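Have a look at the structure below before the remarks.
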Amino acid sequence: MVGHKTIDQIKEMIRRISDAKRLLIVSDKNTQRIAGDRIHKILAGAGYEIDTVTLSLPIIKKNIPPAWPSIKEVDLVLKKAKKFDTELFLGVGGGSVIDVTKVAACELSKKFVSIPTSAAHDGMASPRASLKDKKGSLSKTADSPIAVLADTEIISKAPYRMLASGCADVISNISAVKDWELAHRLKNEEFSTFAASLSETSSQLLLEKAEDIRSGLEEAVWQAVKCMIVSGVAMSVAGNTRPASGAEHMFSHMLDRIAPGRAMHGEQCGVGAIMMMYLHGEDWEEIRDALETLGAPTTANELKIPKKKIIEALLRAQEIRPERYTILGEQGLTEDAAKKLAKITGVI
Ligand SMILES: [Zn+2]
């Protein structure tokens, strides 16, 4: 459910999708204030038993990327959920809160509802979660939400940088699908035409609408969030992240390891997609132009990441998931090729 003031319809939505009576609301201090308290009030008024967990994730300020949540946060939610005998989880917040809720609910084999208050990546509807481990970041399999409730009024008040990052994440699906097709042809990997076209449609739409999205208006948020949800659904259809995660995501995850806390996930994936599309011999300039129009980074400088870290991430990207075949092949790039790639595409 995506639209203006959809939060007010939370009661009707829960009734329609679940018989659960004991609900756990997971949020952080900021998102509790923005939406969690209101949801709590509506549902408590409707006779539901509610418990809450407020995670202490850093409040996101302009120009500061959110920190990845860790297994510590998941454990906190699990402890509360077991004690309360939770029947249904509600994740109210940005990507981190939703990912923590997703993993905790899956651990207890319970359903969860995703209630994004910002839209910085496509995780709000996907079956994967990103958590921090000792090495940097880690992608974990969980279940998709039973429903997504996205209030465009709330999301439009989040910093525009987050929305642009979410759009860049979806736009990067184009190179992910190219990698998937390659793996299908070269390694006979299972391929779903339906999942691939869902994923491509969501990115194509954002490529075309980049100009409108830039306005940051509620209408733009509506369009962008729908695409992020479709991207998540594509992953559910495929049963893996192939439709939305290829070499550009490995590049981004490697940056999380070697240059953490500088740029956002979607921003890094967008820049990765420019370079991977060049390697595929596809229209990389179209991706770059759309990202520029959106106001998302297209260079190392804009990512605030040193050039040598970009090269290192290109060289080491396939270490993230060696079993996932992409345009980087099994050996990856040579140093000369990586430098050339980053220079030609204007990233460094
Ligand atoms: Zn992503």
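Bear in mind the structure is a predicted one, so any value in this text is a computation, not a measurement. Order of appearance sets the numbers: ligands from 1, and atoms from 1 within every ligand.
When distances to the Zn ion (ligand 1) are checked against a cut-off of 2.8 Å, H265 contributes an N, O or S atom below that limit. Because the distance cut-off is set at 2.8 Å, D169 qualifies as a neighbour of the Zn ion (ligand 1) through one of its N, O or S atoms. Residue side and main chain included, H249 places an N/O/S atom under 2.8 Å of the Zn ion (ligand 1).
Note: H265 and H121 have perpendicular aromatic rings, judged against thresholds of 30 and 60 degrees for the angle between ring planes.
Under a 3.5 Å cut-off, the side chain of D28 and the backbone N or O of T31 do form a donor-acceptor pair.
Nearest approach of T241 to R324, heavy atoms of both residues: OG1-NH1, 2.9 Å.
Other residues, nucleotides and ligands place no more than 12 heavy atoms under 6.0 Å from the CD atom of E211.
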